[in-house]
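The structure appears right after this line, and notes come after that.
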Amino acid sequence: MSAFKSYNHKDIEDKIYSYWEKNKCFKPKKNKNKKYFSIVIPPPNVTGSLHMGHALNNSIQDLLVRHNRNKGLETLWQPGTDHAGIATQLVVEKQLFKKGISRKDLGREKFLKEVWKWKEKSGGIITDQLKKLGSSCDWSRDRFTMDKGLSKAVLKVFVNLYEKKLIYKDLKLTNWDTKLQTAISDLEVVQKNTKGKLYYIKYKLAYNDQNIIVATTRPETMFGDTAIAVNPKDERYKELIGKEVIIPISNRKIKIISDVYADPDQGSGAVKITPAHDFNDYLVGKRNKLNSINILNKDGTLNENVPNDYLNLDRLEARKKLIVELEQKNYLDKIEDINHTVPYGDRTNSIIEPLLTEQWFVDAKKLAKEAIRQVKKKNTNFFPDNWKKTYFQWMENIEPWCISRQLWWGHQIPAWYTEDGKIIVAENILEAKKIAKKKFKTAKILKQDPDVLDTWFSSALWPFATLGWPNNKSYELKRFYKTSVLVTGFDIIFFWVARMMMMGLYFMKEVPFEDVYVHALVRDEKGQKMSKSKGNVIDPLTIINEFGADALRFTLISMSSPGRDVKLSVDRVKGYRNFITKIWNTFSYCKINNIFKTKNIKLSNVKNPANQWIIKTLNLYKQKIKNNINDYRFDEAARNIYLYIWNYFCDWYIEFSKPLLNSNNKKIIEETKNTLLYVQRENLSLLHAFIPFVTEELWNLTNYKKLEKTDLVNFNFKKDFALKNTKSTKDIDFIINFITDLRSIKAKLNISPGNFVDVNIDELPKQNQKIIYNNELIVKKLGRINNFDLRGVKSKIGKVVLSNNKISISFGDEIDLDQQILILDKKVKILENEIRNSEKKLKNDSFIKKAPENVVNQEKDLLENNKSEYKNLSEIISSLK
RNA sequence: GGGCGGUUAGCUCAGUUGGUAGAGCAUCUCGUUUACACCGAGAGGGUCGGGAGUUCGAGUCUCUCACCGCCCACCA
């Protein structure tokens, strides 16, 4: 029988995926088991393309989903994409701009049509890329945050929260992005450390020629000053409280007030108060009932509230001009260089201005209470556990969530205004009219609120809205909510996780997920954040193309140790590609040996020690790996499966199987074939969740598909094969040590590993003699031994201690005695050291008294062994000399 | 200012109730033997960031210092 052709991921991955899709392999298989498994995907931006973060995130989800599917649980992985309000609008605007069209030229309706057109055409890219990775989502349930169902859910949630007064409209100082001309939430503002200047400006007192000096980093805001504050305890300014000063250039008079906000140690101790353009000043203004003067237009230029010379200048231009004028007119006391943080918009990277506008807010403080309580009650658990601290810290200090955006792409806010400005919130205009009639006795509704909702508002509903809510009878909602686990990066704990908790609890009265698995960021191999500008981005699709999705998945999974960033290196991927090839070749080996020709697996009473040993090892590692996955220790799971397959199955068992299959004992041949058939099936099923493509392909190429009457993706783990006795598995451990030692000695004596030798053993306990005779085929083949004699034939040539037995090896003439003495001397020195340490320990009374018995015994055994080995070695050395 | 991580072999990282320091990659030597050179066999390489403490015993627990990274808040 011929071998497989060599492994090439390009031949199989796409083919296998379309097979899965065509045959609807990812649809949940209904069953009555109370336990189920469900995950909602963190919806990627519809504008997005797959980056390493996605690849990690989805490799982990797919591992969990496939593993639980193989466990036989009814399993749903709910996919979808996010409409990404700002990002998408910007993409489409950019395209139009190339054609010389602006968004405003088109008007709202036509513009939105363009966006939808774009979405239909390009919105599927990220989905296709997820498929390349092997993600086994139920694509028949694919959702979009702007689709009909989700939009309905959004409206319902908004109206409901409004009625409960958990959503309200308010005139407040808000973060304003002058480039996008929209409000954004606190979370979308990034504070950046910047070198800046601190300007000390003289304000003239109104009643004499003296000055009061204030320091500011944003001098242009002085046109909006409505007071100067000094600390009531500050002796320098006590006399001035209540007096008036004149703002330079605009020459408006304002009062000096007393407020604890002024810090005598900062700047000059006197601080200008601009309630309309600074969050702290806003509070000071409220406390002291100051006016607010807004000096900015929505685009960041100065408005009519500033002197004519400055009208319509951008705020940063105005700043430059103002400094020159202040300097000329001798209002500038000094300029200092300082380091401070400046707020930037995370999307536009433009400086954010606090601006007084009317916006919609969610009363997050109230919703957060239950979300905190449920995590404290451990109804939702974080992995690693530490992240719950971050969660609590933010939740306990949560601010009102600004949810309105002055954009066009998104869920338009379901609020209508009557002619006289009264607000009506309803799911649609008909409802709104009804309410208007009843409540305000008017049918005249002028217009709908033009704003749209923050994209995260709809994302917050994702775990229940995608499952069918508000239709509470939906099968999926009942079956799959709460979801089993949310897999996400820590960067969106606030944006998303916290908000899903709040909304899920409020509307479903149950947490949206049992567990939250928080994974790290993917960085480059030097630990740098991947970014286009640094040019260190590793594109997952390039890697998939070169090494295969399986290799990439295995790499990411194996590197996802909790609490550490994933530093991705191409070398690692290459290494795991080799691992996959190795697996492939083991099946080729089995095929050559006609393993898959059998009609069924006949395994009843396995007798051969090697066969017993591999089954025992398999069972052991199967359990370890299952536990690792259950504990979210995917790195450990990957390590164990790699270790088991490569170091036990390949390095030892396959080698054992060769002499067994080649023997003339038909029973042993039959048993070994069946063992291989059984173990390889288990290997595939265990590996499938990690490397689905190659395993499914092998499942097809071998006989398992017919044998088990199912695709691997839907194969259910079977009960472990229980060995009737496992005593002789220890024999194999002895043999492994024996052969390893033999090889090591040969290498040290510069004897070619392939050379066959004669082995005479002096002092081998009967028990061990038996083991060797029982496994003669294996020992001879793997040890490359011609003949061995266990009866103690005296020979001075090549005497060594091996597996703690005195042994002599005949190698022919080529043995180098001096070399051998050198090796043995080295070993003796190490032993001397260890013996000294053990003796010291055992002479220590408190060690004997206080250490547990087994530890003390262990130490005694160690000493005994070392002593006898020492004795053996010394004898050999003197006999060689 | 508040909080959270990290520091273990040349590199990337494991090390789960404290009990003889591990893996992969890289390096060196040897090698084609029923799969696999994307391979096999063997070897070298570590005072576990520094210091102190608890303990019979510390990579592991406590304190402290140093360096690196991240998050939140503030900044006149």
Side-chain angles (χ1 to χ4, degrees), chain A residues 3-4 6-7 191 196 198-200 214-218 229 261-263 265-272 278-280 336 338-342 384 386-387 389-390 393-394 397 490-491 493-494 520-521 523 525 527 547 551 558-559 561 563-569 571-572 574-593 631 633 635-636 639 642-643 646-647 650-651 654-655 657-659 661-662 739-740 743-748 750-755 781-782 784 834 837-838 841 844-852 854-856 858-859 862:
Chain A
F4 294 152
S6 55
Y7 165 70
Q191 301 290 340
L198 184 60
Y199 304 95
Y200 287 77
V214 298
T216 178
T217 51
R218 294 157 68 210
Y261 169 66
D263 177 353
D265 296 329
Q266 281 202 58
S268 63
V271 57
K272 62 195 254 347
D278 182 283
F279 287 100
N280 285 307
E336 279 175 3
I338 56 157
N339 286 313
H340 63 147
T341 57
V342 177
N386 236 342
W387 286 110
K389 275 193 187 172
T390 310
Q393 205 184 340
W394 190 68
N397 299 300
F490 60 77
D491 48 333
I493 289 181
F494 304 145
L521 290 176
R523 298 170 182 277
E525 54 193 322
F547 299 104
S558 74
M559 298 188 83
S561 306
R564 238 186 221 268
D565 289 333
V566 174
K567 284 179 204 157
L568 187 72
S569 85
D571 276 348
R572 279 296 277 269
K574 204 169 142 191
Y576 290 123
R577 190 273 320 268
N578 297 351
F579 176 52
I580 291 163
T581 311
K582 183 91 179 168
I583 292 166
W584 179 271
N585 288 325
T586 66
F587 281 87
S588 195
Y589 167 79
C590 288
K591 177 124 187 287
I592 290 165
N593 284 287
D631 298 339
R633 285 306 302 266
D635 58 328
E636 288 286 320
R639 206 185 316 281
Y642 185 96
L643 179 76
W646 202 313
N647 298 95
C650 293
D651 288 350
I654 288 207
E655 296 309 318
S657 77
K658 286 173 187 173
L661 290 173
N662 205 28
I739 292 168
T740 306
R743 286 169 175 169
S744 171
I745 296 288
K746 276 169 89 175
K748 279 178 183 158
N750 290 325
I751 297 181
S752 215
N755 282 6
K781 178 83 168 59
L782 273 69
R784 316 222 38 94
E834 282 187 9
N837 280 340
S838 293
K841 250 186 184 174
N844 185 343
D845 269 356
S846 18
F847 174 71
I848 303 286
K849 275 181 200 157
K850 290 185 181 172
N854 65 321
V855 174
V856 177
Q858 209 178 302
E859 198 63 43
L862 184 71

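Letters A, B, ... mirror the listed sequences (proteins, then strands); counts begin at 1. What you see below is based on every heavy atom in this structure, not just the backbone, and it leaves out hydrogens, waters and symmetry mates.
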Calculate the interatomic distance between [X] atom [atom1] and [N] atom [atom2]; express it in whole Å.
X	N	atom1	atom2	result
R572(A)	rU12(B)	CZ	P	11 Å
L782(A)	rG42(B)	CG	P	11 Å
K746(A)	rG40(B)	NZ	C1'	13 Å
D651(A)	rG31(B)	CG	C1'	15 Å
D491(A)	rG69(B)	CG	C1'	15 Å
R639(A)	rC25(B)	CZ	P	13 Å
W394(A)	rA73(B)	CH2	P	10 Å
K582(A)	rG40(B)	NZ	C1'	7 Å

Do T581(A) and rC38(B) share a donor-acceptor pair, side chain to base, under 3.5 Å?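 Yes.
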base_contact_polar (rU33(B) base, R784(A) side chain, donor-acceptor, <3.5 Å):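 Check passes, donor-acceptor contact within cut-off.
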For RNA chain B, the dot-bracket pattern of Watson-Crick and G-U pairs whose distances stay under 3.5 Å, | for other-strand partners: (((((((..((((.....[..)))).(((((.......))))).....(((((..]....))))))))))))....
If you compare every side-chain N and O of [X] against the phosphate oxygens of [N] (OP1, OP2), does one of them come in below 4.0 Å?
X	N	answer
K781(A)	rU34(B)	yes
S588(A)	rC36(B)	no
S744(A)	rA43(B)	yes
N578(A)	rC39(B)	yes
N593(A)	rA35(B)	no

Parallel, tilted or perpendicular: ring planes of W646(A) versus Y642(A), cut at 30 and 60 degrees: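 Judged by the thresholds at 30° and 60°, the geometry between W646(A) and Y642(A) is tilted.
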Treating S588(A) as the side-chain partner and N585(A) as the backbone partner, does any N or O pair qualify as donor plus acceptor under 3.5 Å?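 Checking the backbone N and O of N585(A) against the side chain of S588(A), no donor-acceptor pair under 3.5 Å is found.
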Expressed as a whole number of Å, how far does the C1' atom of rU33(B) sit from that of rA37(B)?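 Pairwise C1' distance, rU33(B) against rA37(B), rounds to 14 Å.
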If you assign S268(A) and Y7(A) each to the RNA chain B nucleotide with the nearest heavy atom, which residue ends up on the more 5' nucleotide?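 Residue closer to the 5' terminus by nearest nucleotide: Y7(A).
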